[in-house]
Amino acid sequence: MSTGRFVEVVRSGALSTVQDLGRPGHAHLGVPRSGALDRPAHLLANRLVGNPADAATIETTITGVSLRVGQAATVAVTGAWAPVTVNGRPVGWSAPVSVPAGARVDVATAKRGLRSYVAFSGGIAVAAVLGSRSTDLLSGLGPSPLAVGDRLPLGEVAGPPAPVDVAPTGTLTEETTLRVTLGPRADWFTDDAPGILTGAGYRVSMLSNRVGMRLEGPALPRRIGGELRSEGVVLGAVQVPAAGTPVIFLADHPTVGGYPVIGVLHPDDLPLAAQAAPGTPIRFQIVEGARKGPFLYRKR
C-alpha cells in the first residue's frame, strides 16, 4: 500500500460528507451557509487533534464510516455517540487517538444522536469552493458525498493534539425541545396555531436530510391562504408548506422560499436539531414573541 497524507474511504456509510464552517455571506448568490450541522461537535473534534477551527472534518450520518490512513495521524470522533475502533480494537470517543500508517479507523452505527464528526490532524484538504470545503447537497458545491475508494488529502499538521484523555460533551436526550421565536410570518396562522406548535408534539420524519428536518404531527391552521411571494429564509427557519406540518431548515437550506415561516429556532438549538434522528419526539418552546392570551396578529 502506498503511503502519504491522505485517508481512503473503505466504507462510506449512509451519507458521509466533508464539512467545515461553511460559506457564510453568499445568500445573495443563492448559496446557503452549508457546513457542519453540529458545529460544536465539529469544533471539538478539530481541537482534539490540534487543528484550527476552520479545518474540514468528515460528517457521518447514523451508520458511520470506515477510513484507512496513509500515514500516522491523530484522529478524534465526536457528535453522535458511536463505538470507534482502530484496526478492530476499541478506542476512545471524544478523545485524541494516535493511529499508525495504514491503520483502519471504523466508526460504527450511532447509538445516540445522528451525526458524528471525524477529524484527522491536518484536516481534510480538498479544494475549497467559495472559501469552503463543505459539501452542499442542494447547491451541488464542494466534494461529492464520500464513496468507497475515494482518497482525501490531509493538510499539514498545525499543532499538537489536545492534552486530554477524553473531552466532556453534552448529553443527547431521547426527546428534543427546541426553542423558537415566532415570525416573520406568524400572522399567516390562526390564533391557536402557536399552541398547536408547542403543545402537540412532533416526530422527526424519515424524509429529513441536510436541507431540512421534516416533522410528522398536527398541521398548523392558516389564517391567510394563497401564495406568499418568495422571500429570503434563514438557517433554522420553521417553514410551513401547504400540508401544514413544519419543516426546519438546516445548513443546506434554500435561500428563498414561498411558504410562510412561523418561527425561527434559537441558534443554540441548531446542534440539537442536527442530532435528532428519524422518530425522535420534538417539542417546541416559544421563547420570544410569545404573548399571554390570544395572539393579536395583524390581519392582511
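Values reported hereafter were calculated over all heavy atoms of this structure, with side chains retained and with hydrogens, waters and symmetry mates removed. Residues take their numbers from the sequence shown, with the count starting at 1.
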Practice task
For Thr245 and Arg214, test the side chains for any donor-to-acceptor distance below 3.5 angstrom and give the result as yes or no.
Solution key: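 Per modelled atom types, Thr245 and Arg214 side chains form no pair under 3.5 Å.
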Please tell me if the side chains of [X] and [Y] come closer than 4.5 Å, counting only heavy atoms from C-beta onward.
{"X": "Leu197", "Y": "Leu220", "answer": "yes"}
{"X": "Arg151", "Y": "Val9", "answer": "no"}
{"X": "Leu265", "Y": "Phe284", "answer": "yes"}
{"X": "Thr61", "Y": "Leu114", "answer": "yes"}
{"X": "Glu59", "Y": "His42", "answer": "no"}
{"X": "Val118", "Y": "Val107", "answer": "yes"}
{"X": "Leu178", "Y": "Val180", "answer": "no"}
{"X": "Phe189", "Y": "Arg223", "answer": "no"}

Between [X] and [Y], is there a shared hydrophobic cluster once you connect ILVMFWY residues whose side-chain heavy atoms come closer than 4.5 Å?
{"X": "Ile224", "Y": "Ile262", "answer": "yes"}
{"X": "Leu43", "Y": "Tyr117", "answer": "no"}
{"X": "Leu215", "Y": "Leu250", "answer": "yes"}
{"X": "Leu182", "Y": "Tyr202", "answer": "yes"}
{"X": "Leu207", "Y": "Val211", "answer": "no"}

Determine yes or no for a side-chain-to-main-chain donor-acceptor pair under 3.5 angstrom, with [X] supplying the side chain and [Y] the backbone.
{"X": "Asp150", "Y": "Ala147", "result": "yes"}
{"X": "Asn209", "Y": "Gly212", "result": "yes"}
{"X": "Thr190", "Y": "Arg222", "result": "no"}
{"X": "Ser208", "Y": "Ser205", "result": "yes"}
{"X": "Ser94", "Y": "Ala167", "result": "yes"}
{"X": "Thr135", "Y": "Pro143", "result": "yes"}

For the atom pair [atom1] ([X]) and [atom2] ([Y]), what is the distance rounded to the nearest 0.5 Å?
{"X": "Leu146", "Y": "Leu67", "atom1": "CG", "atom2": "CG", "answer": "7.5 Å"}
{"X": "Thr280", "Y": "Gln275", "atom1": "OG1", "atom2": "CD", "answer": "10.0 Å"}
{"X": "Arg210", "Y": "Leu37", "atom1": "CZ", "atom2": "CG", "answer": "4.0 Å"}
{"X": "Ile282", "Y": "Ile248", "atom1": "CD1", "atom2": "CD1", "answer": "6.0 Å"}

Problem - Listed once per pair and sorted, the salt bridge (charged side-chain N to carboxylate O under 4.0 Å, His left out) pairs that draw on residues 36-50, sequence neighbours left out - result: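 Residue pairs with at least one partner in residues 36-50: there are none.
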Exercise for the section: Answer yes or no: does atom CG of Asp165 have more than 12 heavy-atom neighbours from other residues, nucleotides or ligands under 6.0 Å? Expected result: no
Exercise for the section: Verify side chain to side chain contact (heavy atoms under 4.5 Å, CB included) between Ser139 and Asp252, making sure each step is shown before the conclusion. Expected result: CA-CA 8 Å; Ser139 301; Asp252 290 357; over 6 Å; no
Problem - Criterion side-chain hydrogen bond (donor to acceptor under 3.5 Å, both in side chains) on Ser134 and Gln19, from CA distance to verdict - result: CA-CA 4 Å; Ser134 288; Gln19 298 296 337; 3.2 Å; yes
Practice task
Give me the one residue out of Val105, Val99, Val75, Val97 that meets side chain to side chain contact (heavy atoms under 4.5 Å, CB included) with Val91.
Solution key: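 Going through the options one by one, the only one that passes is Val97.
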Are [X] and [Y] close enough for a salt bridge, meaning some N to O gap below 4.0 Å?
{"X": "Arg203", "Y": "Glu216", "value": "no"}
{"X": "Asp106", "Y": "Arg11", "value": "no"}
{"X": "Arg133", "Y": "Asp20", "value": "no"}
{"X": "Arg185", "Y": "Glu231", "value": "yes"}

Where [X] and [Y] come nearest, the two heavy atoms and their spacing:
{"X": "Pro260", "Y": "Trp188", "result": "CB-CB, 4.1 Å"}
{"X": "Leu235", "Y": "Val264", "result": "O-CG1, 4.1 Å"}
{"X": "Ala103", "Y": "Asn87", "result": "CA-OD1, 3.5 Å"}
{"X": "Ile58", "Y": "Ser16", "result": "CG2-CB, 4.2 Å"}
{"X": "Pro271", "Y": "Pro267", "result": "CD-O, 3.9 Å"}

Problem - Trace of the side chain to side chain contact (heavy atoms under 4.5 Å, CB included) decision for Leu154 with Val7 - result: CA-CA 7 Å; Leu154 295 180; Val7 292; 4.1 Å; yes
Practice task
Could you please spell out the steps behind the side chain to side chain contact (heavy atoms under 4.5 Å, CB included) verdict for Thr169 and Trp93?
Solution key: CA-CA 10 Å; Thr169 63; Trp93 174 86; 3.6 Å; yes
Exercise for the section: Take Arg33 and Arg23 through the side chain to side chain contact (heavy atoms under 4.5 Å, CB included) test and state the conclusion after the steps. Expected result: CA-CA 4 Å; Arg33 193 202 76 182; Arg23 302 180 178 84; 5.8 Å; no
Practice task
Show your reasoning for whether salt bridge (Lys or Arg N to Asp or Glu O under 4.0 Å) applies to Glu156 and Arg5.
Solution key: CA-CA 9 Å; Glu156 295 299 321; Arg5 289 201 53 75; 5.2 Å; no
